[in-house]
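FYI, side chains are in, hydrogens and waters are out, and symmetry mates aren't considered; it's all heavy atoms of this structure.
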There are 2 protein chains.
Amino acid sequence: MSDDWDNLRAVLHVVRAGSLGAAAQVLGVNYTTVSRRIAAAERSLGARLFDRRQSGYVPTAAGQEAARHAERMEAEEIAMRRALSGRDDRLAGPLTITASELLIAIHLCRVIDRFLTDHPQVELTVRSTNEVLDLTNHEADLAVRISADPGDTLVGRRLTGQHTASFASADLAARMAAEPARRIDWIGFTYWKSPPVASLKRYGNARIRLQFDDMNAVVGATQAGLGVARMPMFLGRATPGLVQVPMLPPQRYHDIWALSHRDLKDAAKVRAFRDALVQYFKENAAAFSA
Amino acid sequence: MSDDWDNLRAVLHVVRAGSLGAAAQVLGVNYTTVSRRIAAAERSLGARLFDRRQSGYVPTAAGQEAARHAERMEAEEIAMRRALSGRDDRLAGPLTITASELLIAIHLCRVIDRFLTDHPQVELTVRSTNEVLDLTNHEADLAVRISADPGDTLVGRRLTGQHTASFASADLAARMAAEPARRIDWIGFTYWKSPPVASLKRYGNARIRLQFDDMNAVVGATQAGLGVARMPMFLGRATPGLVQVPMLPPQRYHDIWALSHRDLKDAAKVRAFRDALVQYFKENAAAFSA
DNA sequence: TATGGATCATGCAAAAACGCATGTATGAGC
DNA sequence: GCTCATACATGCGTTTTTGCATGATCCATA
């Protein structure tokens, strides 16, 4: 019965990953080690957990049952780490934050700079991604999100309101001003069906010329003069070569929030970073609104 | 983040045991190993979990928090083992049963003998104790209990009803028959306040001469002629030198049950042992009732 | 039908974990 | 006040675990 729990962890990851090798990569060990862990777990539990196939390790019914329980053990481990982080009153050690790439690039990098200067002992990890990380699974301690919905176990602090508006390259803006009757080419974002409704009253002669699933691409295409794009004020203003154009009057958009798991909201490092955010957004509120 | 769960298990056991050495004994390793595990856990969790005192390792608030979570991980591990045992359809491998010492000694040993002959592959552990083992914690797969209450997560099968009656040594029985007016000396069991109520109507001249907290002692004292004792029929009849005496007419007593955790009730080995019990108690019902 | 890319199994050397022995400190009991 | 028992810290040799390299098998694909 000794040295068992880590074997169960291996079982969980092999079930998830589907093969020894893939699980080994996640666990950061050689796959032969995973193989031995699985064998040990089967010995200890007295049940065959996997069918060894050439395509990989396929869990038996018993293996799936074991993985279900191991998953709950993992959830409990994560909850433990969260709880311990949450009572950590040191301004030192690891801290992970996440935000969208654009928000980081344009604004948060300055908050981060300031924060690290003030708290040099903190080992900060920034997960700059457009994926929505799972704060419940402790993938990050704090997230800056453009969203109205903090969710169930999360607690939030509103940082600022913001507007979106229409932007175009300076060239294109000049051409459109010179030829008011000319058709407006919009650069769309995923799932757009038509140009922004609020723009159609005054600028009905419009179409979506092309569509992206990535905001960086939208920005690039707009800079290249391919069309008019709707984007947050802070993004349009900060992007070289773009000017605001009148097609879409500024629209209220989702507020920007700082979110944390309830367990983590009072951790010293989380609190300090949140305070830094609040101060920055207070000083720079003008950048986000019309 | 590798090799962590076993460290958390060490934390749990040190919190429980209060010292490295005691925890090491439970874990079956040297205490220096436990010491290193604790250090590793503290490193990984980034929190001090114990105060090192000369009197032992005293958990900090963080350590208690960690132990609470580790406790749930352990509960989940136990649930896993139960679930896997429950779906085990082999009549081989480990099986643990428990019952009171007397029941084992007098009757169950014969069931066990028969069972092991029929299923030689089963590695049977018999926990013959008067403690009530926790079947929810998987301390045993099956229990034979004298009790009406199967409990929440347990499922039971009634094996037989039974009676208690009064027994004495043959000598004392003869003397009492010869001198009907003589005072009856009862041998009491823990918490008895007076001789059995049902006996007082006809044998009011009675007292409790001495009292034991252990049924084996009661049996010995009765054999030695120290007095009359109330005991289950099966026990009085099976004890050499004792005869039933009329002071206490046979009384209905708690039924005898075979109990298992719900998860385990259909495991092949559990089912087979339960069947053996049912058959034995059917064949020997007369031994338990008046 | 041959080939490249997966997968898992196994033998062997390197690395890490482990247990033992020793030393120190504290508190209980005579 | 002394001894004894208990608890933790630490250094060192040994055992165990781990990673790597090789070999075998299967599948997809050209």
Expected string for nucleotides 25-30 of chain D under the B/S/- scheme (protein heavy atoms, under 4.0 Å, primed atoms plus P, OP1, OP2 as sugar-phosphate) is -S----
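- Applying the ring pair (Phe, Tyr, Trp, His ring centres under 6.0 Å) test to B:F50 and every residue at least two apart in sequence or in another chain returns B:Y57.
- Shown here are the side-chain hydrogen bond (donor to acceptor under 3.5 Å, both in side chains) partners of A:D214, two or more places apart in sequence or in another chain: there are none.
- B:H13 pairs by the ring pair (Phe, Tyr, Trp, His ring centres under 6.0 Å) definition with nothing, not counting sequence neighbours.
- Residue pairs meeting the salt bridge (charged side-chain N to carboxylate O under 4.0 Å, His left out) criterion with at least one partner in residues 52-62 of chain A, sequence neighbours excluded, are A:E42-A:R52, A:D51-A:R53.
- For DNA chain C, the span of nucleotides reached by chain A at under 4.0 Å from its heavy atoms goes, 5' to 3', from C:dT7 to C:dT10.
- Remark: B:E71 engages no residue in a side-chain hydrogen bond (donor to acceptor under 3.5 Å, both in side chains) (not counting sequence neighbours).
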Please list every donor-acceptor pair under 3.5 Å in which a side-chain atom of residues 20-30 of chain A meets a protein atom from a residue at least two apart or in another chain.
residue: A:N30; atom: OD1; partner: A:T32; partner atom: N; Å: 2.9
residue: A:N30; atom: OD1; partner: A:T32; partner atom: OG1; Å: 2.8

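- Residues forming a side-chain hydrogen bond (donor to acceptor under 3.5 Å, both in side chains) with B:T96 (at least two apart in sequence, or on another chain): none.
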Expected list for residues 216-223 of chain B: side-chain donor-acceptor pairs under 3.5 angstrom, two or more places apart:
residue: B:N216; atom: ND2; partner: B:E101; partner atom: OE1; Å: 3.1
residue: B:T222; atom: OG1; partner: B:V218; partner atom: O; Å: 2.6
residue: B:Q223; atom: NE2; partner: B:P240; partner atom: O; Å: 2.9

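- Less than 4.0 Å separates DNA chain C from at least one heavy atom of each of the following residues of residues 30-37 of chain B: B:N30, B:T32, B:T33, B:R36, B:R37.
- Rotation axes derived from the C1' atoms of the five outermost pairs at either end of the helix from C:dT1-D:dA30 to C:dC30-D:dG1 lie 30° apart, to the nearest 10°.
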